[in-house]
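Structure record follows, encoded as structure tokens.
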Amino acid sequence: MKRTAYICDIASYLDQTITLQGWVSRRRDLGGLIFIDLRDRSGTVQVQIEPGSAAFAEADRMRSEYVAEFTGQLQQRPEGQRKEGLGQYELLATAARVLSAATTPPFELNKGSEVAEDIRLKYRYLDLRRPEMFEKLWLRSKVSAAMTAFLDAEGFVNVETPMLTRSTPEGARDFLVPSRLNPGEFYALPQSPQLFKQLLMIAGFDRYYQLARCFRDEDLRADRQPDFTQLDMEMSFVDQEDVLDLNERLMRHIFRTVLNVELPQPFSRLSYVEALDKYGSDKPDLRFESAFVEVSDLFAGGEFAAFSQAKTVKALAAGELTRKQIDELERVAKQNGAGGLAWLRREGEGFTGGISKFVGSVAAELIARTGVAEKGTLLFVAGEWKKSVTALGAVRLALRDLFDLTAGGPKFHISWVVDFPQLEYDEEQARWTYMHHPFTAPHPEDLALFGTERQGEIRAQAYDLVLNGFEVGGGSIRIHDADVQTKMFAALGFTEAEARAQFGFFLDALASGTPPHGGVAWGFDRLIMVMSGASSIREVIAFPKNNRGADLMAQAPAPVDAAQLAELGIQTLN
RNA sequence: GGUCCGGUAGUGUAGCGGUUAGCAUAUCUGCCUGUCACGCAGAAGGUCGCGGGUUCAAAUCCCGUCCGGACCGCCA
């Protein structure tokens, strides 16, 4: 028999004979009468098998996760036994067939969310049978389709770029692929299609996009995988405003068509410095406010040495905290680079606990500036600016999780962080390095700062898209002027010969007639993660890798044959 | 490389110096004609991650190690 419909579409077949195929989700055997919940990707419906029916013997041997086919009349359930949605109906089976038997599942699928993640990953094909998992991947597919439709309508050209390319020394570690035809030489998997998309602009394609797989051999996190997907795009003859505007329209289109959510127009914007100074992160979670308060001046020259000598003292107002909670927050602050976490508890018009003996004269001003509530806690980090605000930013997020601070706010908060620094000083290597990438264009009015001691203040025409505290996109206007590119390489300490050795083909291309251009890359997996409310990127990737970069199902990575290595001219050390 | 949390039947958990290692669920058997987390009765199922140590005695305490997760470093 041929399947008549997806289970979710059965309503239109009421009182007709239909054939359904799917998996046995549950079997309730009442002795004579058997009920089977049959599931396909679209839904689950109850099948009733009467003892006298021709379907009985076959249904009697069905177990969880057997693949089964039932033919029968679709009817309404007896009154009083109807439930919501598909629970109104049941299929009275006249024929049943086991299409495929199944071993007993290693975990109960309907309890999947409580099962240890490594078990789920090992049996991912079973985990993916769970409706929650299908829904997330379905959402992902819908977002992808909405993106494609929008960009296609806007005249973007979808171009694929190579997976086997050249290793570049900077940035993340490359995944290397040995070349059999060129023994001793290696391809690298792309960290992103950055150079290729710029070359497409040089080639005159004007507008490009691609859902691109990217590879970075770095340590993993809940929101990082070694292979991941970017929505990569690039536009010619544009400035930063053009790129931001198009991306806002695209994002609004996606949220509207897929989630029926209206995002604000325009998105809010804050500068990199402002984001760090107020929220302690270049990707602040703005679903709640909890901004820092500058209090350096109140302690300058005071008797509390840790504060009076610090370049920056920032305060963060919190609710009432126990000593234990404060200790935990201090641990967070220290792990994120702070020397410590000072605190005060407000009692009336003054403070107790923590560093209260140092604040007598400024208590009123502290209360006025921070607005800390009675019994509320003030938390302080002092020291060098970036270290302090970053540490307090981590405390801010810990408070968010502790007090569920996002509960009253919007479900989604999206913003641009702009004016990133062009250059960053790398203490370890004692040299300047780029913050975004070496082809990012600086603000024209900051050009004069190249080569001066103030080059750390050069602003880049770079921007990040931040959704609920996650960086879901980032990009820049690129350098299309050879002189500026030379300045940039010089600032990075590249000699002309070194630049040529690394990027010669690209520099030649730049000199061949390059339009002003810029673009962005979205962290597609992260976007889907936030849109679906998942807490890990692994939840929105069909076959993800674990913390250690292992695919527990396919058991990759794995050793290979000596003969395979020999053919590639490779020896392993151990 | 580091910090923290965890590892006990298939799964989820309790036990935290002396238990026949408990409970739930899944599995198997029997009974059961309106269940829907079906119910009832019974059975089987455990190298308490692994190694070492302390102890008369270790799932329990200590050390090491492996595995899983979160984070720091790292990720242009």
Inset, instruction - Compare side-chain N and O positions of A:R27 against OP1 and OP2 of B:C36 and report whether any pair is under 4.0 Å apart. - result: no

Inset, instruction - Report the relative orientation of the aromatic rings in A:F439 and A:H437; use parallel for angles under 30°, tilted for 30 to 60°, perpendicular for over 60°. - result: tilted

Legend entry - Span that lies between the P atom of B:C40 and that of B:C36, in whole angstrom: 11 Å

So which protein nitrogen or oxygen atoms get under 3.5 Å of nucleotides 3-8 of chain B's nitrogens or oxygens?
none

Inset, instruction - Describe the nucleic acid contact of A:S192 in one word from base, sugar-phosphate, nothing, applying a heavy-atom distance below 4.0 Å. - result: base

Inset, instruction - Could you let me know what B:G42 is paired to, Watson-Crick or G-U wobble, both distances under 3.5 Å, or none if it's on its own? - result: B:C28

Legend entry - Sugar-phosphate only, base, or nothing, as touched by A:P105 at under 4.0 Å among non-hydrogen atoms: nothing

Inset, instruction - State plainly whether the residues A:R26 and A:E65 are in salt-bridge range, i.e. N to O under 4.0 Å. - result: no

Inset, instruction - Give one of base, sugar-phosphate or nothing for A:A394, where a contact means two heavy atoms less than 4.0 Å apart. - result: nothing

Inset, instruction - Give a yes or no on whether A:R459 atom CZ has more than 12 heavy-atom contacts from other residues, nucleotides or ligands under 6.0 Å away. - result: yes

Inset, instruction - Identify whether any heavy atom of A:E108 sits under 4.0 Å from a base atom; if not, whether one sits that close to sugar-phosphate; answer base, sugar-phosphate or nothing. - result: base

Inset, instruction - Give A:I34 one of three labels, base, sugar-phosphate or nothing, depending on what nucleic acid heavy atoms sit under 4.0 Å from its own. - result: nothing

Inset, instruction - Look at all strands and tell whether A:R538 reaches a base, only sugar-phosphate, or nothing, counting heavy atoms closer than 4.0 Å. - result: sugar-phosphate

Legend entry - Euclidean distance for C1', B:A26 against B:G12 (whole angstrom): 11 Å

Inset, instruction - Give A:N546 one of three labels, base, sugar-phosphate or nothing, depending on what nucleic acid heavy atoms sit under 4.0 Å from its own. - result: sugar-phosphate

Legend entry - Complement of B:C16, any strand, by Watson-Crick or G-U distances under 3.5 angstrom: none

Inset, instruction - Tell me whether the centres of the aromatic rings in A:Y208 and A:F196 are closer together than 6.0 Å. - result: no

Inset, instruction - Could you check whether A:E90 gets within reach of a base, just the sugar-phosphate, or nothing at all, counting any heavy atom under 4.0 Å? - result: base

Inset, instruction - Using the C1' atom on both, measure B:U19 against B:C63 and round to a whole Å. - result: 27 Å

Inset, instruction - Look at the side-chain N and O atoms of A:N547 and state whether any lies under 4.0 Å from the OP1 or OP2 oxygen of B:A70. - result: yes

Inset, instruction - Look at all strands and tell whether A:R221 reaches a base, only sugar-phosphate, or nothing, counting heavy atoms closer than 4.0 Å. - result: base

Inset, instruction - Sort out the partner of B:G34 for me: Watson-Crick or G-U wobble, both distances under 3.5 Å, none otherwise. - result: none

Inset, instruction - Provide the distance between the two C1' atoms, one in B:C50 and one in B:A24, to the nearest whole Å. - result: 28 Å

Inset, instruction - Using a heavy-atom cut-off of under 4.0 Å over every strand shown, decide if A:R77 touches base, sugar-phosphate, or nothing. - result: base

Inset, instruction - May I ask you to check whether over 12 heavy atoms, not counting those of A:E496, lie within 6.0 Å of atom CD? - result: no

Inset, instruction - Would you please determine if the base of B:U11 is stacked by A:F107, with stacking meaning a centroid separation under 5.5 angstrom and planes under 30 degrees? - result: no

Legend entry - Integer angstrom distance from the P of B:G49 to that of B:C67: 16 Å

Inset, instruction - Measure from CG on A:L92 to P on B:C36 and round the result to the nearest Å. - result: 19 Å

Inset, instruction - Please tell me which of the listed nucleotides, B:G34, B:C36, B:U25, lies nearest to the side chain of A:D37? - result: B:C36

Inset, instruction - Rounded to whole angstrom, note down the C1' distance from B:C48 over to B:A14. - result: 12 Å

Inset, instruction - May I ask you to say what A:G31 touches in the nucleic acid, namely base, sugar-phosphate or nothing, with a heavy-atom cut-off under 4.0 Å? - result: base

Inset, instruction - Using the C1' atoms only, state how far B:G1 lies from B:A58, rounded to an integer number of Å. - result: 34 Å

Inset, instruction - Give A:P106 one of three labels, base, sugar-phosphate or nothing, depending on what nucleic acid heavy atoms sit under 4.0 Å from its own. - result: sugar-phosphate

Legend entry - Residue-phosphate contact under 4.0 Å: A:R548 side-chain N/O, B:C67 OP1/OP2: yes

Legend entry - B:A21 and B:G45, which share atom name P, separated by this distance in whole Å: 13 Å

